[in-house]
Amino acid sequence: MNITLKILTPLWTGGVDQTCDRLHETGLIGSLRWWYEALVRGLGGYACDPTGEDRCPDKDGNRCVVCELFGCTGWARKFRLKLLTAPKIKDRAIAAGQSLEIEFIPLRSIDPEEWCLLNATFRLISEYGAIGGKTIFKPSDEKNRQNEFHHLDFGLAKIEFSEESPCHNLNLDKIRGYVTDRKWRSGSHKDYSWASLQHFWCVNGRYLARKDDQTSTFNQVLGRKQPKRQGQYLEDQGESSRWLAGSQQESKKVFSFKSPDKGRTFGFVKLGTVDFDEIKKRLKQVWSDFDPEKEFMTGVQILKDIFK
Ligand SMILES: [Zn+2]
């Protein structure tokens, strides 16, 4: 499988050796894995937290469907991701505007469903999400919440070229059947259950801006009293404005990007506290001409699109 990604906003890789392709490859795999997990959870399957104590393999040596492809202790990743073009670096970031050609080299037999899931993961990132270092999305840890989003190392990237979709003989039901197959390890998602397409929403073409130092549309969406900004969002850097937050009270996750094609805002709800309707209501307060019926996409709707 070969995919070419166009980098739309700078991808920050601060602190790492910029000249080493292997580090960029590792970062890409981390981000891919994170979205692949969200996809699997969204389809009703189980994905372990590879950074947590619950990670695969379990005591009986079983692994989840994500570790099957991406690897875990005692089981190597089934593919190698190779960058065919060396990324151009500017201001310690992978510069916007360039194309990155990525090749997937199978190291062992990969199921057709896995190729399809991998392809759908790219479509998810390209059309509805963002790509970058895995640290940004690390599931929350109660003690560590304040540092949760201190790494700003991701941005927007769009599929510029990909070969024919490997999903042509498959459909959503077959993929769902595959990820929920009883041969995979199962379990409960606990703290990171939010990281699932079931809880995901996206609005394309809009971003949340800061009006001035004291007021931000971002805070309005989070329902946060203003002003309150320490550690919650960061200054504009370069051509992209990126707003991140993880509210400590409500476990909301909202991400917003300004990009050459107007931007993207997406997030995860915690059902039972702030649901989709509440998010729509808050977005409407920020964007007066916002039409939720047309513009607001939920993960369940997105699933139908990315497995076409
Ligand atoms: Zn696992």
Side-chain angles (χ1 to χ4, degrees), residues 1-36 38 79-105 118-119 121-138 148-163 202-210 216 218 233-245 253-267 306:
M1 189 162 90
N2 281 50
I3 286 185
T4 303
L5 284 181
K6 175 101 174 182
I7 306 300
L8 299 180
T9 67
L11 227 62
W12 300 81
T13 53
V16 301
D17 177 2
Q18 314 299 344
T19 58
C20 180
D21 283 359
R22 187 52 69 89
L23 284 172
H24 296 305
E25 289 166 2
T26 306
L28 281 169
I29 291 169
S31 183
L32 265 180
R33 179 178 180 134
W34 193 91
W35 286 103
Y36 194 97
F79 64 89
R80 169 160 182 228
L81 182 155
K82 195 176 170 196
L83 280 177
L84 299 179
T85 38
K88 290 186 203 74
I89 306 297
K90 190 186 164 200
D91 300 333
R92 298 174 71 220
I94 295 181
Q98 66 184 307
S99 300
L100 285 187
E101 203 180 334
I102 300 164
E103 183 183 8
F104 285 87
I105 303 160
L118 206 47
N119 188 268
T121 303
F122 268 104
R123 293 191 62 172
L124 173 60
I125 289 167
S126 169
E127 303 299 319
Y128 305 101
I131 195 161
K134 60 186 167 182
T135 47
I136 190 74
F137 287 129
K138 206 179 154 200
E148 198 173 351
F149 294 114
H150 71 299
H151 283 108
L152 243 192
D153 52 352
F154 75 145
L156 299 184
K158 196 170 175 59
I159 296 175
E160 196 169 48
F161 169 80
S162 76
E163 288 155 3
C202 176
V203 175
N204 270 318
R206 292 182 187 267
Y207 64 94
L208 301 168
R210 182 176 52 192
S216 86
F218 192 71
Y233 58 89
L234 294 116
E235 301 299 321
D236 291 6
Q237 292 189 43
E239 58 193 272
S240 67
S241 303
R242 285 146 304 134
W243 303 83
L244 320 178
K253 319 281 181 216
V254 178
F255 305 85
S256 195
F257 297 83
K258 183 184 175 185
S259 80
D261 63 348
K262 288 197 178 144
R264 173 173 299 166
T265 301
F266 65 82
I306 58 177

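Side chains are part of it too, since the values below use all heavy atoms of this structure and drop only hydrogens, waters and symmetry mates.
Contact of the L124 side chain with the Y36 side chain is not registered, since no non-hydrogen atoms from C-beta on lie closer than 4.5 Å. You'll find the side chain of I159 reaches within 4.5 Å of the side chain of L5, heavy atoms only. Side-chain contact check for K88 versus I94: every heavy-atom pair is 4.5 Å or farther apart.
The two residues L8 and A96 come nearest to each other via the heavy atoms O-CB, 3.6 Å. Closest approach of F257 to Y207, counting heavy atoms only: O-CB, 3.2 Å. Scanning all heavy atoms of the two residues, the minimum distance from E25 to R80 falls at OE1-NH2, 3.9 Å. What you find for G155 and T9 is that their closest heavy atoms are CA-OG1, 3.2 Å.
A distance of 3.5 Å separates CZ of F104 from CZ of F122, quoted to the nearest 0.5 Å. Separation of atoms NZ (K6) and CZ (F161) is listed at 15.5 Å; rounding is to 0.5 Å. The CZ atom of F79 sits 6.5 Å away from atom CG of L32, with the distance rounded to the nearest 0.5 Å. For the atom pair CD1 (I131) and CH2 (W34), the distance works out to 12.5 Å, reported to the nearest 0.5 Å. The CG atom of L28 lies 15.0 Å from the CZ atom of R33; values are rounded to the nearest 0.5 Å. Taken to the nearest 0.5 Å, the OG1 atom of T85 stands 8.0 Å off from the CD1 atom of I102.
Using modelled atom types, no side-chain atom of R264 and backbone atom of R206 make a donor-acceptor pair closer than 3.5 Å. Between the side chain of S256 and the main chain of L208, a donor-acceptor pair closer than 3.5 Å is present.
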Checklist entry - Does the pair C202 and N204 meet the rule for a side chain to side chain contact (heavy atoms under 4.5 Å, CB included), with working shown? => result CA-CA 6 Å; C202 176; N204 270 318; 4.1 Å; yes
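The pair K158-E127 meets the salt-bridge criterion, with a side-chain N (NZ, NE, NH1 or NH2) lying under 4.0 Å from an Asp/Glu carboxylate O.
Between S99 and E160, the side chains place a donor N or O and an acceptor N or O closer than 3.5 Å (distance only, hydrogens not considered).
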